[in-house]
Amino acid sequence: MADKPLARVIQSGDLRMDCVRRRFSRSGEFIDLTPREFDLLKALMRRSGDVLSREHLLTYVWGKATSVNPNNVETLIRSLRAKMDHKWPSRVIQTVRLQGYRLKSQ
């Protein structure tokens, strides 16, 4: 499935991302993200519900860099979960064993 067309604002349930201002909020509460966290989350939000492989996310966030550690994706996912899920009852980023990650459709 292809990425959704580029949009200024991406919304999925209580998640809202302003791609121009590079601001993210959940349930109206702004959450500070690093540039790489923002880019990884944007990839997931643009393809909400689809499983994205670690390789796809690496390319999306880091480009064609050859010296990037593949474990960086797991590190960013862990960091995003810590920022996004600690106040809310549902986790929004799901791990799909042996396949990758997806943003739970809301």
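Along the sequence shown, residues carry numbers from 1.
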Trp88 and Met45: same hydrophobic cluster, using ILVMFWY side-chain contacts below 4.5 Å?
yes
Checking [X] side chain against [Y] main chain: does a donor-acceptor pair fall under 3.5 Å?
X: Thr34; Y: Glu37; result: yes
X: Arg22; Y: Pro35; result: yes
X: Ser79; Y: Thr75; result: no
X: Lys104; Y: Gly49; result: no

Are any of the side-chain heavy atoms of Met84 and Leu41 separated by less than 4.5 Å?
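Counting from C-beta outward, Met84 and Leu41 do come under 4.5 Å.
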Report yes if the side chains of Asp18 and Arg8 come closer than 4.5 Å at any heavy-atom pair, otherwise no.
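Answer yes - side chains close enough.
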Between Arg54 and Tyr101, is NZ or CZ placed under 6.0 angstrom from the six-membered ring centre and within 45° of the ring axis?
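No, a cation-pi geometry is absent between Arg54 and Tyr101.
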Atom pair CZ (Arg46) and SG (Cys19), whose distance is rounded to the nearest 0.5 Å:
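It comes to 7.5 Å.
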Rounded distance [0.5 Å steps], CZ in Phe38 versus CG in Leu80:
11.0 Å
Exactly one candidate in Thr59, Leu58, Leu52 meets side chain to side chain contact (heavy atoms under 4.5 Å, CB included) with His56; the answer is Leu52
Does the salt bridge (Lys or Arg N to Asp or Glu O under 4.0 Å) test come out yes or no for Arg26 and Asp85, once each step is laid out?
CA-CA 9 Å; Arg26 182 167 185 190; Asp85 293 340; 3.1 Å; yes
Taking atom CG of Asn71 as the centre, report whether more than 12 heavy atoms of other residues, nucleotides or ligands fall under 6.0 Å from it.
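Buried by this count: over 12 neighbours within 6.0 Å.
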Donor on one side chain, acceptor on other, Thr95 and Arg81, under 3.5 Å:
yes
